[in-house]
2 protein chains.
Amino acid sequence: MKKRILISDIAKDLGISVTTVSFILNDKAKEKRISDGLTKRVLDHVKKVGYKPNQLAKSLRTGKTKILGLLVEDISNPFFSNIAKLIEGKAYASGYHIIYCSMDNDETKSKELIQMFYDRQIDGFIITPSEGLDETITQLQQNNVSLILFDRYLANVETNYVITDNFKGAYDATDHLIGQGFKRVGFVSLYSDQTQMRDRLEGYMKGIDKYKKQAFIKKVQQDAPEEERVREIDEFIEDNRLDAVVFATNYLAIDGLKAVKIYQRKLPAMVAFDDHTLFKLYEPSITVVSQPIAEIADELITALLGQIQGKNKKLKQVVLPCELKVRESSLISAN
Amino acid sequence: MKKRILISDIAKDLGISVTTVSFILNDKAKEKRISDGLTKRVLDHVKKVGYKPNQLAKSLRTGKTKILGLLVEDISNPFFSNIAKLIEGKAYASGYHIIYCSMDNDETKSKELIQMFYDRQIDGFIITPSEGLDETITQLQQNNVSLILFDRYLANVETNYVITDNFKGAYDATDHLIGQGFKRVGFVSLYSDQTQMRDRLEGYMKGIDKYKKQAFIKKVQQDAPEEERVREIDEFIEDNRLDAVVFATNYLAIDGLKAVKIYQRKLPAMVAFDDHTLFKLYEPSITVVSQPIAEIADELITALLGQIQGKNKKLKQVVLPCELKVRESSLISAN
DNA sequence: ATGAAAGCGCTAACAT
DNA sequence: ATGTTAGCGCTTTCAT
């Protein structure tokens with residue numbers, strides 16, 4: 001970490017021009033037919049003196065920053081922080097850095113953040129879009145920005161995305177519960193038109209319809225105070241005498257568990273979406289529809305880097321399977 | 001998001017020089033005694049055409065990137081992801097972006113990551129240092145890099161840091177347990193010489209000594225397979241017939257709960273360090289020593305930005321209080 | 001096969 | 001009070 005060495009220092013040390021050094025450093029030695037001997041000498045010297053090109057200068061010149069933007073709903077939700085950690089690792093391995101933020105499903109904040117990241121000239125975006133972003137995302141695409149969505153997508157904009165089969169996940173959960181013999185199976189979701197929420201609701205409906213059961217659907221306001229959300233969920237379960245509930249997200253399920261604790265209820269049978277440490281250790285352990293985090297991260301980075309490097313021209317729209325992890329909370333014997 | 005506008009376009013549009021525009025844009029209008037009228041005209045025009053300075057060019061020129069590096073132990077640990085979210089918010093509010101990574105308490109990885117971030121010329125570092133980083137951190141300081149540590153510090157390097165009173169937190173936890181009447185109170189920690197671990201152990205010892213009790217101390221290897229850690233913790237509790245345990249981190253406590261589940265044990269009385277959704281909802285709810293996340297984030301950003309802007313010259317070493325949140329798991333009546 | 005030099009967009013010293 | 005211009009460190013065209 002001594003005084004910064006410049007490419008011109010390297011050139012001077014070796015008595016050659018900066019051009020040659022630059023070519024060699026950018027893997028153009030072969031192409032420019034620079035002798036192997038010289039190439040090796042330069043590379044050795046660069047390593048010896050620890051020369052590191054100034055990324056800023058490089059970026060200014062090339063227009064590439066080697067920075068990716070990760071814009072998630074909420075980095076403090078373990079589902080997203082776990083994915084973030086995986087993405088980060090893969091990005092670093094490819095020489096990319098990640099700048100990130102939480103958009104909190106807030107349209108205005110989301111737009112501002114996307115604009116900020118765009119102004120930073122990041123090389124690519126990984127986004128969990130909140131609603132109302134159709135135009136913003138379209139504009140990014142028109143400006144030839146590499147981007148990929150995940151967790152949800154925009155129904156009216158053709159983009160790359162990686163999602164999971166939310167419909168089947170919710171269907172499986174519902175089918176599993178009713179198949180066990182539960183009679184009154186409810187569904188707790190959000191006021192949200194996001195695709196993952198819509199698909200989960202539809203999956204639940206299909207499960208309900210398969211058995212010709214009545215649907216019980218409760219939506220809560222994501223930004224309502226916790227106390228209120230918890231109370232509403234409790235009322236929903238009690239008023240309808242539900243014996244089983246499918247929760248559309250992990251934090252809704254957590255709200256449900258809070259309701260049980262606060263109002264001292266008997267826990268209904270339940271399935272949550274997205275795994276969580278809590279669900280594994282809760283007594284009874286909570287059955288979940290688990291999304292394949294590692295595969296999601298993998299597909300995202302692979303697709304985005306491919307796009308940045310101009311490889312995959314065609315749309316990449318990946319739907320990964322969810323897995324129903326049956327634990328104790330959904331078994332009728334345990335009730 | 002149209003074709004990029006340059007500062008020279010603004011100058012041309014208004015028939016003035018780029019210098020004047022640059023001065024005005026960098027709040028030097030007053031200092032350079034540029035007329036209010038012109039200043040306003042420029043600002044209005046800039047806003048109207050949506051001109052945004054190219055950060056790269058600006059950074060190359062000034063050497064400032066307006067990027068902060070957040071290097072935590074593990075972004076998927078809710079303690080860190082919650083702090084990360086708060087820091088992120090505050091940083092954006094001041095025009096800074098955050099790039100982050102998880103160092104996983106791995107010395108080699110930590111050094112590489114710090115070097116990568118340094119090469120990126122970020123304006124400041126926020127770091128939870130793993131062991132063996134004394135020299136690396138010292139070098140950063142010698143290179144006049146702004147930095148602040150948190151969660152732990154380096155005993156042999158004088159740096160800014162924000163930590164909590166781990167000693168008192170562990171002491172309070174131990175005192176609370178023994179004060180309730182528990183007889184055999186153990187402590188589960190890591191093989192680690194990090195300051196927060198050392199302080200927590202000492203706090204436990206002081207609590208034990210106060211009552212002239214025997215200490216039971218178990219350290220586990222952080223990178224051991226989960227199964228092994230869980231088994232060791234179980235053996236520790238069983239072999240020593242402990243009726244209460246203080247866990248030095250949230251994930252150790254989670255391992256403890258896993259042990260209870262897997263080996264079907266009666267839960268001993270317990271206190272965990274750092275709060276977690278699980279601890280609030282577990283049955284019984286788990287008593288924790290909680291660190292003031294919002295204050296930590298606040299102090300970190302304030303101190304770091306102050307340092308970057310050349311304000312606080314002297315060392316900023318903040319010790320925040322922990323809070324013992326007594327819940328059910330540590331009450332003797334509940335046992 | 002290698003070198004000279006322009007230029008990425010901005011800031012700020014210097015000139016007026 | 002405002003303009004001219006060098007230069008931040010790199011890549012790449014053009015010339016040899």
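These values consider heavy atoms only, across backbone and side chains, with no hydrogens, waters or symmetry-generated copies. Numbered from 1 within each chain, the chains take letters A, B, ... in sequence-line order.
A straight line from CG of A:Leu60 to P of C:dC10 spans 9 Å, rounded to a whole angstrom. Straight-line distance from the CZ atom of A:Phe23 to the P atom of C:dA5: 16 Å, rounded to whole Å. Atom NZ of A:Lys66 and atom C1' of D:dT11 are 15 Å apart (whole Å). Across the protein-nucleic acid pair, B:Gln121 atom CD and D:dG9 atom P stand 9 Å apart, rounded to whole Å. When the P atom of D:dT2 is taken as reference, atom CG of B:Leu25 falls 15 Å away, rounded to whole Å. Whole-Å rounding puts the B:Arg61 CZ to D:dC10 C1' distance at 15 Å. Distance A:Ile16 CD1 to C:dT2 C1': 9 Å, rounded to the nearest Å. Taking atom CD1 of residue A:Ile7 and atom C1' of nucleotide C:dT2, one finds them 14 Å apart after rounding to whole Å.
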Worked check of ring pair (Phe, Tyr, Trp, His ring centres under 6.0 Å) between A:His45 and A:Tyr51: CA-CA 9 Å; A:His45 187 69; A:Tyr51 165 71; 9.7 Å; no

side-chain contact (heavy atoms from CB on, under 4.5 Å) between A:Gln121 and A:Lys64, intermediate numbers included: CA-CA 8 Å; A:Gln121 291 163 273; A:Lys64 304 284 164 213; over 6 Å; no

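For A:Ala57, the side-chain atoms get nearest to D:dC10 when compared with the rest of C:dA4, C:dA12, D:dC10. In this structure, of D:dG9, D:dT12, D:dT4, it is D:dG9 that holds the atom nearest to the side chain of A:Asn54. Picking from C:dC10, D:dT4, C:dG3 the nucleotide with the shortest atom distance to the side chain of A:Ser17 gives C:dG3.
If you check every strand for non-hydrogen atoms under 4.0 Å, B:Leu6 touches sugar and phosphate atoms only. The residue A:Leu56 sits apart from the nucleic acid: no heavy atom pair falls under 4.0 Å. Across all strands, A:Ser22 comes closer than 4.0 Å to base atoms (heavy-atom distances).
Nearest heavy atom pair, residue A:Leu70 against residue A:Ile87, reads CD1-CD1, 4.0 Å.
Scanning for side chain to side chain donor-acceptor pair (under 3.5 Å) contacts around B:Asp193 gives an empty result, with sequence neighbours left out.
Residue-to-nucleotide contacts include a donor-acceptor pair under 3.5 Å from the side chain of B:Thr19 to the base of D:dT4.
Under 4.0 angstrom from either OP1 or OP2 of D:dA1 there lies at least one side-chain N or O belonging to B:Arg33. Contact annotation: A:Thr20 does not reach the phosphate of C:dT2 (side-chain N/O to OP1 or OP2, under 4.0 Å). In terms of phosphate contacts, A:Lys58 brings a side-chain nitrogen or oxygen within less than 4.0 Å of OP1 or OP2 of D:dT11. Phosphate proximity of C:dA12 to B:Lys28: present, with a side-chain N or O under 4.0 Å from OP1 or OP2. Using a 4.0 Å cut-off, no side-chain N or O of A:Tyr51 falls inside it from OP1 or OP2 of D:dG9.
Side-chain contact annotation: A:Ser76 with A:Asp74, donor-acceptor N/O pair under 3.5 Å present.
For the pair A:Lys32 and B:Ser35, nearest-nucleotide mapping onto DNA chain D gives the more 5' position to B:Ser35.
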